[in-house]
Protein chains: 2
Amino acid sequence: MRFRKLNYFITVAEELHFGRAAARLHIAQPPLSQQIKAIEDELGAVLFERSSQKVSLTPAGEALLPQARALLQNWEKIQEQVRSVANGTAGNLSLGFVWAAGTPHFSKGIAQFKQDNHGVTLNLEEMTTAHALDALRTEKIDLAMIFLNPLMDITDLEHQEYEIQKHLLALPDNHPLAQKDSVPLSDLHQLPFISFTRQAHPSLYDQIMHSLHAAGVEPNIVQIARLTQTTRTLVAAGVGVALVPESTQFDQREGLTYRPIDGVLPELAIHFVWRKNSLTPLMERLITHLHAQVLR
Amino acid sequence: MRFRKLNYFITVAEELHFGRAAARLHIAQPPLSQQIKAIEDELGAVLFERSSQKVSLTPAGEALLPQARALLQNWEKIQEQVRSVANGTAGNLSLGFVWAAGTPHFSKGIAQFKQDNHGVTLNLEEMTTAHALDALRTEKIDLAMIFLNPLMDITDLEHQEYEIQKHLLALPDNHPLAQKDSVPLSDLHQLPFISFTRQAHPSLYDQIMHSLHAAGVEPNIVQIARLTQTTRTLVAAGVGVALVPESTQFDQREGLTYRPIDGVLPELAIHFVWRKNSLTPLMERLITHLHAQVLR
DNA sequence: ATACTTAATATGAAAAAGATATCATGCGCT
DNA sequence: AGCGCATGATATCTTTTTCATATTAAGTAT
């Protein structure tokens, strides 16, 4: 697909000499004459005025020349773009991620990736694990960063670990438990407790509840849809305490303090997740890049 | 030049099925697979994800599809345009014409031609015969409408008659000669006389002078560069009389009157003139059109 | 006229594209 | 699990297209 004939035409138009043009094209003169004639027949328009003395463009040829050049140039650009997309240095990518993934190193990683890949458009959307899985399967997003654990049925998906966070207990400054350096799990018994809904991160929710139960803790739960800004506002307001991912502490807030938990709680494993066979070079590059940010 | 491979790609992308695509393209499936592979090799990018169960576009293919469609559409447009230029229903044409050609039927003809040929851009410029010939030879214009007579050396040009005009004598209203219905040539003897310069229309000038001389008229000449508006202003102001082409009378003016000449004067033959071998279909159409306007 | 340049034509060779037959793979269905 | 069906890939041969060589035709310059 070299647009042979079009190139032949352009070369003859540039040289205005079949012999020289043929030489430049590394073919003999007769086939060049034939090909030009073929183009003329196809277009139904004579492009060159030939005499044995000189060759010149007809108005039709004059009209075609710049257009033909533009077309070829266009094709070059298209090729480059397609190659870029194939290499992952260009393209679009929609990423759904749980709020806990939004750490400073995540933001920095995204910003740098965008800078290093000017051709790439990233579509970022914060969502719950459940929503992200649905969005993945309905192809609304290409890649998710969500809480993953062994209980989930994701045989239709592939994944790779991003990072593992610990739980922290978020407390109002003046809470009695804030006196301790670390809080035993059992101290949470009967405490007013703010948690995300089971709907949002079902299996994580179940795991946490199971752990609490095992520690003999029967929390007094106030449910909210997502672990976001709202959780911290409620905790700071003294509505209750909350188990939050450690990344939350990056977001300091007046009247709010964090303490490590002493006891067995499930891992907060955030994974990259994508549909099987949908891993593009671009996604691969983004995953590698973000993962590298975590490790340093 | 049917952009075979690009079309193959598009068809497969549309059908997402090599067999059906091949059928639509009236070729067998194996060569289609080969050609697609050839494109992929050339681009260095896999465009389709194949399984025995279904075919789908990769991001690279997704990127190429609209571009490829646009490219082909572009090519269609280019072809049409080139054909239009070849047919003379589109293109550019620069026309240089002497002032005398600017009759009402000329203007009407031009206006109508433009209306009937929307793709055509006409470049009109009023110029002298001498200037027009130079502009023709230096390819500044494509076609001229000028005073032509047998004395001129135009072996490098071709021409066709446009129209032949008679001379009229332009007089101030109150001039004594305005009393007569027609003016004998000999009456012009020693009269103040306004004429274009020899430079402007050399051989016409010579012919007119020769005719005057033959009639024993020795005019008293005030020369101006061109026979335009200015001539009539000068005549109306009583500076002198002038021999003008009959087309001038279409432009009525206060204090100015025209009388036929009684005597032998050269023909005022306005011809289309163009370079040899430069007669394009567009020029041909314009010439035919304008000529038809004269005859009715 | 004669030599020279240049594009067109004729004919056969090489390369590219296509057809037919066959294989490999994966899925659904008993 | 095994069989049939659908689908794309591979191998090999045929056809078509493109190209090269030799030659011709036409026009210019000497």
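Residues R275(B) and D156(B) are not paired through a salt bridge, judged by the lack of any N-O separation under 4.0 Å between the basic side chain and the carboxylate. A salt bridge links R50(B) with E40(B): the closest approach of a Lys/Arg side-chain nitrogen to an acidic carboxylate oxygen falls below 4.0 angstrom.
Put simply, CD1 on I78(A) and CZ on R83(A) are 11.5 Å apart, with the number rounded to the nearest 0.5 Å. The structure places CZ of R24(A) at 9.5 Å from CD1 of I10(A), a figure rounded to the nearest 0.5 Å. Note that CE of M283(B) is 9.5 Å distant from CG of L95(B), once rounded to the nearest 0.5 Å.
Side-chain contact annotation: N149(B) with E267(B), donor-acceptor N/O pair under 3.5 Å absent.
Distance E42(B) CD to dA16(C) P: 12 Å, rounded to the nearest Å. With rounding to whole Å, D41(A) atom CG is found 12 Å from dA8(C) atom P. Residue K37(A) contributes atom NZ, which lies 15 Å from atom P of dT18(D) at whole-angstrom precision. Taking atom CD on Q35(A) and atom P on dA20(D), their separation rounds to 11 Å, with Å as the unit. With rounding to whole Å, F18(B) atom CZ is found 20 Å from dA24(C) atom P. Straight-line distance from the CD atom of E40(B) to the P atom of dG8(D): 13 Å, rounded to whole Å. Here dT21(D) presents its C1' atom at 12 Å from CD of Q34(A), a figure rounded to the nearest Å. When rounded to the nearest whole Å, the span between CZ of F48(B) and P of dT7(D) equals 16 Å.
Heavy-atom distances under 4.0 Å link DNA chain D to R4(A), K5(A), Y8(A) of residues 4-14 of chain A, given in residue order. Within a heavy-atom distance below 4.0 Å of DNA chain D, no residue of residues 20-27 of chain B is found.
The distance between the ring centers of H159(A) and F272(A) does not fall below 6.0 angstrom. For H201(A) and F147(A), the ring centers are positioned less than 6.0 Å apart.
For K276(B) (side chain) and T155(B) (main-chain N/O), a donor-acceptor pair under 3.5 Å exists by modelled atom type. Judged by distance alone, the side chain of N117(A) and the main-chain N or O of T89(A) form no donor-acceptor pair under 3.5 Å.
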Passes side-chain contact (heavy atoms from CB on, under 4.5 Å), V98(B) versus F196(B)? Steps please.
CA-CA 12 Å; V98(B) 292; F196(B) 52 84; over 6 Å; no
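A sub-4.0 Å separation between OP1 or OP2 of dG8(D) and a side-chain N or O of H17(B) is present. Regarding contacts with the backbone of dT6(C), every side-chain N or O of R50(A) stays at 4.0 angstrom or more from both OP1 and OP2.
By the salt bridge (Lys or Arg N to Asp or Glu O under 4.0 Å) test, R69(A) is found to be paired with E14(A), residues two or more places apart in sequence or in another chain being considered.
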Base-contact (B) and sugar-phosphate-only (S) positions in nucleotides 23-30 of chain D, heavy-atom cut-off under 4.0 Å, - elsewhere
---BSS--
Donor-acceptor pairs are to be reported for all side-chain atoms of residues 27-34 of chain A against protein atoms at under 3.5 Å, with residues two or more places apart or in another chain.
from: Q29(A); atom 1: NE2; to: S33(A); atom 2: OG; distance (Å): 3.1

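With dT6(C), dG18(C), dA20(D) as the candidates, the nucleotide lying closest to the side chain of P31(A) is dA20(D).
In DNA chain D, the stems built from three or more successive Watson-Crick or G-U pairs (distances below 3.5 Å) are C:1-30 with D:1-30.
Ring geometry, F97(B) versus F106(B): the interplanar angle falls from 30° to 60°, so the pair is classed tilted.
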